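Both counts, for ligands and for their atoms, begin at 1 and track the order of listing. Source: prediction; values computed, not measured.
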Amino acid sequence: MEYFLSEQQKTLKNLARRIAEERILPVRAELDEKEEFPWAIMKDLADSDMFRVFIPEEYDGLGGGCLDLGLVIEEISRVCSGVAVTYAATALGAFILLEYGTEEQRQKYLPDIAAGKKLGAFALTEPTAGSDASAIKTTAEKTNEGYVLNGSKQFITNGGEAEIYTVIALTDKAKGARGASAFLVEKDTPGFTFGKKEKKMGIRTSSTRELVFRNCLVPQENIVGKEGMGFIMTMKALDRSRPGIGAQAVGIAQGALEATVDYAQNRIQFEHPIIALPVVQNMLAEMATQVEAARSLVYATARTIDSGTKNFTEEASMAKVFASDTAMKVTTDAVQIFGGAGYMRDYPIEKMMRDAKITQIYEGSNEILRGTIAVGLRKRKARQP
Ligand SMILES: Cc1cc2nc3c(=O)[nH]c(=O)nc-3n(C[C@H](O)[C@H](O)[C@H](O)COP(=O)(O)OP(=O)(O)OC[C@H]3O[C@@H](n4cnc5c(N)ncnc54)[C@H](O)[C@@H]3O)c2cc1C
C-alpha cells in the first residue's frame with residue numbers, strides 16, 4: 001500500500017528498520033529470556049538521533065510529529081516491541097512537558113531527552129487506580145520549600161531506569177481528579193525510591209516498576225501547568241500517545257505476518273509447502289488485510305493529530321483499539337500456522353503473541369476506550385438537529 005510518506009519519513013522509517021534488523025534482531029531472544037533492560041540499544045537509538053524525532057528543533061530535536069514517532073515505533077516493534085515501548089515511554093513522559101511546560105523547564109530537560117542522555121517515564125497508575133485513574137491517592141502537599149510527594153505508583157514503564165519522571169499527584173485531595181497536578185521528578189531526588197520490579201508475560205526487556213515517594217521534596221518550579229490541571233493534561237497526553245500504541249501493534253503484527261509467510265513457504269507436509277493449502281492461504285490473506293487496515297487507521301489518525309486538529313480523542317482510541325485487536329488476532333493465527341513449532345521459543349512467534357497482549361491493556365484498556373468511543377458517538381448525536 002502506498003502511504004505517501006515524505007522523503008524524510010521514508011528515510012526515518014528505513015533507518016529505524018536498519019537499526020532494528022542489525023542491532024535488535026540478533027539479541028531480542030536473549031533480552032527477552034534474561035528480562036534485561038536494553039541499554040546498548042538505547043545508545044544505538046540515541047546515536048542515530050531517534051530520540052530527537054519527537055522533540056522540537058529549538059530544543060535540539062528534529063521537530064517530527066505523531067506520524068514520524070509512529071514510524072519509528074512500528075519499525076522497532078516489527079522486531080521487538082519490548083525495545084519499542086522502552087523508547088516510546090520516554091516520548092509519553094515528555095508529552096506534558098512539551099505541551100504545557102515553561103520555557104525554563106523545556107530548556108532544562110528536553111535537550112538531554114533529545115540527545116538520548118536521559119530516558120523519561122510517565123507515572124499515573126497506582127494499586128487502586130488503574131482504569132479509574134481519578135482514584136489516585138498520591139499527594140503533593142505545597143510547602144514553603146516546594147511540593148512534598150507521598151504515595152506510590154504501580155506498573156511504570158522505564159521505572160528505575162529513567163532519569164525524568166512526569167508524576168501525577170493530588171494537590172487538593174478534596175477535589176479528586178480536579179485536584180490533580182503534574183510534576184517533573186528527577187531520579188535522584190531524596191525520598192524517591194523504586195519498589196517491585198514486575199516479571200511480565202511479554203515485552204520483557206522493558207522495565208515495569210513501582211515508584212515510591214516518602215516525603216519527597218520536589219522544587220516549586222517542577223510543577224508543570226497549573227495546580228488542578230493534571231488530569232486534563234494527562235488525558236490530552238494519552239490521546240497523543242495512543243496512535244503510538246497502535247503503531248506498536250501494527251509493527252508486531254507485520255513482523256508476525258512476514259515470519260509466517262516465510263515459514264509456510266518452507267514447511268512441507270503431505271509433500272507440499274503448507275502455503276499451498278487453501279485454509280492457510282485464507283488465514284494469511286485475512287492477516288495481511290487486517291495489518292494493512294490497522295496501519296491505514298493508525299497513519300490517518302497520526303496525520304489528523306499532526307494537522308493541528310484540537311480534539312482527536314475518539315480517533316486516537318479507535319486506532320489503538322483496532323490495531324491492538326489486530327495484533328492479538330494476527331499473532332494468534334501466526335502461532336496456529338506455525339503449529340507446534342510456533343509454541344516453541346526457537347521461533348519468535350510465541351514472543352510476538354505474548355508481546356501483542358499488552359497493547360490491548362495499557363494506555364486505556366480496549367474496554368475503557370470502546371466506552372470513550374461510544375461517549376463520543378452519543379455526544380455527536382446530541383449535537384445533531
Ligand atoms: C506492562 C505495563 C506497563 C505499564 N506502563 C505504565 C506506565 O508507564 N505508566 C502508567 O501510569 N501506567 C502504566 N501501566 C498501567 C496500565 O495503563 C493499566 O494497567 C491499565 O490502564 C489498566 O488498569 P488496571 O491494570 O488497573 O486494570 P483494571 O482497571 O483493574 O481493569 C481490569 C479489567 O476490568 C475492565 N474494566 C475496568 N473498568 C471498566 C469499565 N468502567 N468499563 C469496562 N471495563 C472495565 C478493564 O478493561 C480490564 O479488562 C502499565 C501496565 C502494564 C501491564
Side-chain angles (χ1 to χ4, degrees), residues 32 35 37-38 73 77 80-96 119-138 149 151-170 177 180 182-185 187 194-213 230-231 233-242 244-246 248-249 252 316-317 320-321 324-325 327-328 351 354-375:
D32 181 66
E35 305 189 32
F37 193 79
I73 295 172
S77 299
C80 178
S81 73
V83 171
V85 74
T86 302
Y87 165 79
T90 293
L92 173 59
F95 280 163
I96 286 183
L119 297 184
F122 177 73
L124 171 68
T125 305
E126 299 183 7
T128 55
S131 298
D132 182 7
S134 67
I136 60 166
K137 292 195 171 76
T138 298
L149 267 61
S152 68
K153 296 286 172 184
Q154 181 179 251
F155 301 162
I156 306 305
T157 304
N158 286 351
E161 311 294 338
E163 296 285 333
I164 307 161
Y165 296 78
T166 301
V167 179
I168 309 301
L170 296 175
F183 297 91
L184 293 164
V185 185
K187 186 180 186 182
F194 301 101
K196 185 181 176 208
K197 186 167 190 259
E198 304 295 340
K199 292 183 81 65
K200 304 191 290 292
M201 170 195 284
I203 57 166
R204 286 163 56 165
T205 186
S206 70
S207 165
T208 312
R209 203 155 171 195
E210 183 187 12
L211 316 185
V212 182
F213 302 96
F231 208 64
M233 294 189 295
T234 295
M235 292 305 127
K236 295 270 179 209
L238 289 172
D239 281 350
R240 189 167 286 277
S241 168
R242 279 180 189 129
I245 303 296
Q248 184 188 346
I252 298 170
S317 302
K320 192 268 192 188
V321 165
S324 59
D325 284 351
M328 200 63 242
K351 173 185 181 309
R354 287 188 281 110
D355 288 353
K357 186 63 208 168
I358 190 59
T359 63
Q360 295 180 303
I361 296 173
Y362 58 18
E363 290 204 17
S365 72
N366 284 6
E367 293 74 34
I368 291 290
L369 294 182
R370 284 195 168 86
T372 304
I373 296 163
V375 168

Tell me whether Ala123 has any N or O atom under 3.5 angstrom from an N or O of ligand 1. no

In this structure, atom 26 (O) of ligand 1 is nearest to the protein heavy atom Gly130 CA, 3.2 Å

Would you please indicate if the ring centroids of Phe194 and Tyr165 are separated by under 6.0 Å? yes

Under 4.0 Å from atom 15 (C) of ligand 1, is there at least one protein heavy atom? yes

Quick one: look at Ile358 and ligand 1, take heavy-atom pairs under 4.0 Å, and tell me if it's side chain, backbone, both or neither. side chain

Can you tell me how far CE of Met233 sits from OG1 of Thr166, rounded to the nearest 0.5 angstrom? 9.0 Å

Look at atom 41 (N) of ligand 1 and say whether a protein heavy atom is found at less than 4.0 angstrom from it. yes

Is atom 34 (O) of ligand 1 close to the protein, meaning a heavy atom under 4.0 Å from it? no

At under 4.0 Å between heavy atoms, which part of Glu363 makes contact with ligand 1: side chain, backbone, both or neither? backbone

Do the side chains of Glu35 and Arg204 get close enough for a salt bridge, i.e. N-O under 4.0 angstrom? yes

Among Gly364, Gly120, Ser131, which residue places a heavy atom closest to atom 37 (C) of ligand 1? Ser131

I'd like to check atom 10 (C) of ligand 1 in this structure: does the protein have a heavy atom lying under 4.0 Å from it? yes

